[in-house]
Amino acid sequence: MVALGELISPSGRRAGSNVEAPVYSVTKHAGFVPSLEYFRKQVFSRDISKYKVVEHGEFAYATIHLDEGSIGIAPEQALISPMYTIFKVRQEKIDSHYLLRYLKSPRALQTYPQLGQGAVHRRKSIALSSLGKLLVPVPPLDEQRRIAKTLDRSAGIRSSRKRSFELARELQTASFIDLFGSPATWIDRWPMGTIGDITESTQYGTSEKSGPDGTTPVLRMGNITTDGRLDTSDLKYMNLSEADREKFTTRRGDILFNRTNSPDLVGKTAAVRNDEHFAFAGYLIRLRLVDEFEPDFVSGYLNSAYGKVLLRSMCKSIVGQANINAKELRRIPIALPPAAVQREYRDVVSQVERHAALLATSDSAVNATLASLQTRAFRGEL
């Protein structure tokens, strides 16, 4: 076991005004990713003179998010935010890919909180001097490369499954356009109405407090994903009275609309496909449609690129939060295509959801296998 500080040295310099290089972010799953590709828009400062230069092959990690695995190796010379820490390895002592696999292993991740400094757990900063105290198993270089290659293959399987999931979502988006056309052209193709015309009722969520215990699981705005799904992996609970149960719970076929959030996230929408009755929190609106309209069609529209631009133009911002109320939601124009066409799209969404569920089950097994391989590798048992 060797202290990391003996295997690396600090690196990175301020960009100044003369460096021309792409701006990257360092993510917990994919490592270095071009910032524009990752965020789909420019989130970095227009003045990047204070950014850091990271050279090809050097490491960078998020100083306050290393415990989540936000570390990677630069694929080219790049610019990164000052929030990152940069170092380079001593190649005569350690293989870069082997070290990366160790620094992202469960064994290392469990150690980082002990190295951090700060009052709030998720915001603990890990300086390079502190990280240098981490002990790293260092077998001969040939053995390091063999271990890294084995772990890279397993990680590659996980990446290919993630790409399969992304392709399924792209198929869903393409099917929406194929069946209904771009919303920008709807007025020339379909009869038009408003969301209020096809809605039986709207209901704001409950203001009751939720917590770790209770009889009814609660959906909050974080449970609605940006691609229109309900993520029930992190739930809180509450106790609802019988009088409030019908008013503040969902049933299959409802739509949940995130009425208050940051300007980029307000309007997240998901159709409810669960038979379980969930309560829903006050930042959500429940839509219950008339029978002739499919929730997947309405959700697909509001989550489309066109729908997001429309919602962004409607929202009112107060102290960094944007809001769209139920009356405004009901006034949103929408096409009124035949029920048969909507059902075709519903069937596509159902197939994508089944595929996603199978991938999620398979991913659990792949992640468990990779974690097991990492544990064995760094114990010298692989």
Side-chain angles (χ1 to χ4, degrees), residues 1-14 24-32 51-75 77-78 80-155 367 370-382:
M1 301 293 288
V2 179
L4 179 63
E6 298 180 26
L7 306 171
I8 64 172
S9 58
S11 190
R13 56 186 170 87
R14 183 174 289 188
Y24 274 74
S25 294
V26 184
T27 68
K28 63 182 179 181
H29 293 304
F32 273 75
Y51 274 46
K52 294 179 178 179
V53 179
V54 55
E55 301 294 343
H56 173 260
E58 291 184 336
F59 281 68
Y61 67 88
T63 312
I64 60 173
H65 290 302
L66 181 58
D67 60 332
E68 297 177 352
S70 298
I71 187 169
I73 301 173
Q77 185 188 71
I80 57 176
S81 163
M83 69 177 284
Y84 297 112
T85 298
I86 303 171
F87 64 85
K88 56 187 176 183
V89 302
R90 295 176 177 171
Q91 296 181 357
E92 73 279 7
K93 294 185 176 182
I94 193 82
D95 177 77
S96 294
H97 292 283
Y98 170 84
L99 180 60
L100 179 64
R101 288 295 166 207
Y102 182 72
L103 295 177
K104 293 174 75 71
S105 70
R107 183 174 176 178
L109 293 175
Q110 291 170 6
T111 306
Y112 295 145
Q114 302 167 29
L115 302 175
Q117 297 177 344
V120 181
H121 175 71
R122 280 180 55 82
R123 295 292 176 180
K124 282 189 174 180
S125 173
I126 301 178
L128 189 59
S129 57
S130 296
L131 185 61
K133 299 174 185 176
L134 180 73
L135 295 178
V136 180
V138 184
L141 278 169
D142 287 347
E143 181 68 4
Q144 293 179 36
R145 296 182 184 115
R146 185 187 69 81
I147 290 171
K149 187 176 292 186
T150 300
L151 296 178
D152 282 348
R153 281 198 296 266
S154 297
N367 289 337
L370 179 56
S372 174
L373 283 172
Q374 288 174 324
T375 299
R376 291 167 52 203
F378 300 123
R379 283 180 181 168
E381 300 171 358
L382 187 60

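- Between Glu143 and Pro139, the shortest heavy-atom distance links the atoms CG-CB, 3.8 Å.
- Scanning for salt bridge (Lys or Arg N to Asp or Glu O under 4.0 Å) contacts around Glu55 gives Arg13, with sequence neighbours left out.
- Side-chain contact between Leu128 and Ile8: present, with at least one pair of heavy atoms (C-beta onward) separated by less than 4.5 Å.
- Considering all non-hydrogen atoms of both residues, Glu6 and Val2 come closest at OE1-CG1, 3.7 Å.
- Residues Ser96 and Val89 come closest through the heavy atom pair OG-CG2, 3.3 Å.
- In this structure, CD1 on Ile94 lies 12.0 Å from CZ on Arg90, to the nearest 0.5 angstrom.
- Separation of atoms CG (Leu109) and CD (Glu68) is listed at 10.0 Å; rounding is to 0.5 Å.
- The nearest pair of heavy atoms linking Asp95 to Ala148 is OD2-CB, 4.1 Å.
- Partners of Tyr112 according to the ring pair (Phe, Tyr, Trp, His ring centres under 6.0 Å) rule, which considers only residues two or more places apart in sequence or in another chain, do not exist here.
- You'll find the side chain of Val26 stays beyond 4.5 Å of the side chain of His65, heavy atoms only.
- By the neighbour-count criterion of 12 heavy atoms within 6.0 Å, atom NZ of Lys93 is densely surrounded, having more than that number from other residues, nucleotides or ligands.
- You'll find the side chain of Leu103 reaches within 4.5 Å of the side chain of Leu134, heavy atoms only.
- Closest heavy-atom contact between Ile80 and Ala60: CD1-CB, 3.6 Å.
- Asp67 CG to Ile126 CD1: the interatomic distance, rounded to the nearest 0.5 Å, is 6.0 Å.
- Between the OG atom of Ser105 and the CG atom of Leu100 there is a distance of 10.0 Å, given to the nearest 0.5 Å.
- With contacts defined as side-chain heavy-atom distances shorter than 4.5 Å, the pair Tyr51/Pro82 qualifies.
- Take Thr63 and apply the side-chain hydrogen bond (donor to acceptor under 3.5 Å, both in side chains) test, not counting sequence neighbours, and it matches Thr85.
- No donor-acceptor pair under 3.5 Å is formed between the side chain of Gln144 and the backbone N or O of Tyr98.
- Residues passing the side-chain hydrogen bond (donor to acceptor under 3.5 Å, both in side chains) test with Tyr61: none are found, sequence neighbours excluded.
- Residues Val54 and Tyr24 fail the side-chain proximity criterion, which asks for heavy atoms closer than 4.5 Å.
- Listed by chain and residue number, Phe378 satisfy the ring pair (Phe, Tyr, Trp, His ring centres under 6.0 Å) test with Tyr102 (two or more places apart in sequence, or in another chain).
- Taking CG of Leu99 as the start and NZ of Lys104 as the end, the distance is 12.0 Å to the nearest 0.5 Å.
- A heavy-atom distance below 4.5 Å is not found between the side chains of Tyr84 and Ser70.
- Atom CD1 of Ile86 is separated from atom NZ of Lys52 by 5.5 Å, given to the nearest 0.5 angstrom.
- Checked against side-chain hydrogen bond (donor to acceptor under 3.5 Å, both in side chains), Glu58 has the following partners two or more places apart in sequence or in another chain: Ser11.
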